Amino acid sequence: MAGPERKVWSENYSEWFHKVISETPIYDTRYPVKGTGIWTPFGFRLRSSVLNIIREELERTGHDEVLFPQLIPDYLLSRESEHIRNFEDEVYWVTHGGKTPLDVKLALRPTSETAMYPIFKLWINAYSDLPLKIFQVVSVFRYETKATRPMIRVREVSTFKEAHTAHATREEAEEQVRTGVEVYSRIFGELKIPFLRSVRPDWDKFPGAERSVAFDTIMPDGKVLQIGTVHFLGQNFSKAFDIKYMTKEGGYEHVWQTCYGISERAIAALISVHGDDRGLVLPSNIAPVQVVVIPIVYKGREEEVLKACVGARDALQSAGIRAALDNRRDLTPGNKYYSWEMKGVPVRVEIGPRDLDAGTAVIVRRDSLKKVQVQIGSLAEAVKEAFREIDLELGRRSRDWMETKVRKASSIDEAKEELDRRGGVVEMFWCGRASCGQELEKAIDARILGTPYEDEIAVGQDAKCILCGEVALKKIRAARSY
RNA sequence: GGGGCUGUAGGCUAGCUUGGUCUAGACUGCGAGGCUUGGGCCCUCGUGACCCCGGUUCAAAUCCGGGCAGCCCCA
């Protein structure tokens, strides 16, 4: 499928991304605080579309939305030792109320475990209160020391969807992890974002987790972006926060917990994996505007053309399609095409004098820019059919592209060369020892993503660790990452 | 964490070495009007900036110090 070029997109991704988010516009980076940004009206609508899909999936699977406070007292934040050890260098502190120094320092939440779990202790009394499954969408703050990047590495994560669950047994909580992974797989499936699911190595788990499963995607420049994580917390937090429930038998037991999160990185990925040199390309379910109708007015037939366009827009809207009419008089059609293409509107409808005479309209797909003429009476049907094709194509194209970026390597040199030359992800065999894993990271100058979620332990009989040469127990993935 | 570079209208760019002629630009955007409209038409008029604070100086976009912000490289 030809479509517009993806030259800048692939060769100068950083520039492309910045240009797209600022020109569309989606996200304004000019706010004078490092690592923050502004969601513009269009960007906010795009963000809402993504959140709607996330909310729908979570609510459908029994999660209730809540909202906890932003401020966390220092004694709570530091209660789980591993958790605080990993976050303490990047916490923002509120130390004053006006001019008065606070007796208890308050953290701007870097994540909400320590805000929520003392309250879980109050909410959970008996087994009948379990399972507890909640989520919230909030800003979290992390004082990033690495270079910040709009939407990708920020100090105020402005779109942090975090879900937290509590269960009676280890098995139930482990089952919830699998459910969480499936929920996220469906969400990214809806967004047509291809992903790899990896079990993070022990040295890169979420602070306080027993096990972390991560979703990664590959960006146009070949670097990997983490777009979601699902954590099994075991009883680490429930013991630290003393969250107990009374069992059927009358004894007390600490709950078993999970948590999982998605941030605006998912939106950065959505923008990046589908885009081309004309700007955004959006799946129809995400696009804030699904169809734009553009009148091709000629002198003498303005009224007639405009009337037909209004009719077309209304017909599309009554068919449940988010349609807009661009009747700005001072822009040429070409000008309008470019601006709506930048916004990623999946389908454009053109109606001009030729169409009036023939009783037709022209529809143009954003992904391929292919034009077809359809009968005006069946416009809505034709548009819906185009949506189906576009959505299929976007899913196929992004998945195929990612697959070309995942390679196997059987030696250190091969792995390093692959990463140097094409980026992406390399898969290797690994004995499972942390020492080998961390040495591997240094040797190939990459980050270990972990082992495939789907087949954590399945490797061939004669597989050897890429580093020490001993029997391999696992496959391991590595990549250059954001 | 270490090092380097940068900051001039909404965007992009020149000027900075050697302080004064620089309230710069045939660009783009934005506003008004005209002419147009099947891929960024054209014309006229208008609009807008030297990141912040301090210092040096008769004089600072330019030199110095600090802050804030951004980019790049290394760990």
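Since this is a predicted model, take the numbers as computed values, not measurements. The chains referred to below are lettered A, B, ... by the order of the sequence lines, with proteins before strands, and numbering in each begins at 1.
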**Q.** Reading 5' to 3' through nucleotides 5-12 of chain B, protein heavy-atom contacts under 4.0 Å coded B for base, S for sugar-phosphate only, - for none
**A.** -----SS-
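- Aromatic ring centres of A/H164 and A/Y260: separated by at least 6.0 Å.
- Using modelled atom types and a 3.5 Å distance limit, the side chains of A/Y482 and A/D216 yield no donor-acceptor pair.
- Contact check of residues 298-307 of chain A against RNA chain B (heavy atom, cut-off under 4.0 Å) returns A/Y298, A/K299.
- What separates CG of A/D326 from P of B/rU37 is a distance of 17 Å, to the nearest Å.
- Separating the P atom of B/rG10 from that of B/rC72 is a span of 24 Å, rounded to the nearest Å.
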N/O contacts under 3.5 Å, protein versus nucleotides 46-53 of chain B?
none

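- Taking the C1' atom of each, B/rA69 and B/rC52 are spaced 10 Å apart, rounded to whole Å.
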Q. Which dot-bracket string describes RNA chain B (Watson-Crick N1-N3 plus N6-O4 or O6-N4, or G-U N1-O2 and O6-N3, all under 3.5 Å; [ ] crossing; | other strand)?
A. (((((((..((((......[...)).))((((((.......))))))...(((((..]....)))))))))))).
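- Taking A/S48 as the reference, nothing meets the side-chain hydrogen bond (donor to acceptor under 3.5 Å, both in side chains) condition, with sequence neighbours excluded.
- Residues satisfying the side-chain hydrogen bond (donor to acceptor under 3.5 Å, both in side chains) criterion with A/E381, sequence neighbours excluded, are absent altogether.
- Counting heavy atoms from C-beta outward, A/H18 and A/T29 have side chains that approach closer than 4.5 Å.
- For residues 17-41 of chain A, the salt bridge (charged side-chain N to carboxylate O under 4.0 Å, His left out) pairs, not counting sequence neighbours, are A/K19-A/E23, A/D28-A/R30.
- Less than 4.0 Å separates RNA chain B from no heavy atom of any residue of residues 434-450 of chain A.
- In this structure, CG of A/D330 is placed 12 Å from P of B/rG29, rounded to the nearest angstrom.
- Using a 4.0 Å heavy-atom criterion, one finds that A/D355 contacts the bases of the nucleic acid, with or without backbone contacts as well.
- Using a distance-only test at 3.5 Å, with no hydrogens or angles considered, no donor-acceptor pair links the side chain of A/K474 to the main chain of A/G432.
- Residue pairs satisfying the salt bridge (charged side-chain N to carboxylate O under 4.0 Å, His left out) criterion with at least one member in residues 349-360 of chain A, sequence neighbours excluded, are listed as follows: A/R301-A/D357, A/R348-A/E350, A/E350-A/K371.
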Write out a two-atom table: protein N or O, nucleotide N or O from nucleotides 39-44 of chain B, distance below 3.5 Å.
| from | atom 1 | to | atom 2 | distance (Å) |
| --- | --- | --- | --- | --- |
| B/rG39 | O6 | A/E341 | OE2 | 3.3 |
| B/rG39 | O6 | A/R348 | NH1 | 3.4 |
| B/rG39 | O6 | A/R348 | NH2 | 3.0 |
| B/rG39 | N1 | A/R278 | NH1 | 3.4 |
| B/rG39 | N1 | A/E341 | OE1 | 3.4 |
| B/rG39 | N1 | A/E341 | OE2 | 2.7 |
| B/rG39 | N2 | A/R278 | NH1 | 3.2 |
| B/rG39 | N2 | A/E341 | OE1 | 2.8 |
| B/rC41 | OP2 | A/T332 | OG1 | 2.1 |

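- Between the CG atom of A/L356 and the P atom of B/rG38 there is a distance of 15 Å, rounded to whole Å.
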Might you list the N or O atoms of the protein lying below 3.5 Å from N or O atoms in nucleotides 68-72 of chain B, with each pair's distance?
| from | atom 1 | to | atom 2 | distance (Å) |
| --- | --- | --- | --- | --- |
| B/rA69 | OP1 | A/K34 | N | 3.3 |
| B/rG70 | OP1 | A/G35 | N | 3.4 |

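- For the P atoms, the distance linking B/rA24 with B/rC51 amounts to 15 Å, nearest Å.
- Pairs of residues two or more places apart, or lying in two chains, never qualify as side chain to side chain donor-acceptor pair (under 3.5 Å) while including a residue from residues 84-103 of chain A.
- Where A/R354 and A/K146 meet RNA chain B, the nucleotide closest to each residue was compared, and A/R354 sits on the side nearer the 5' end.
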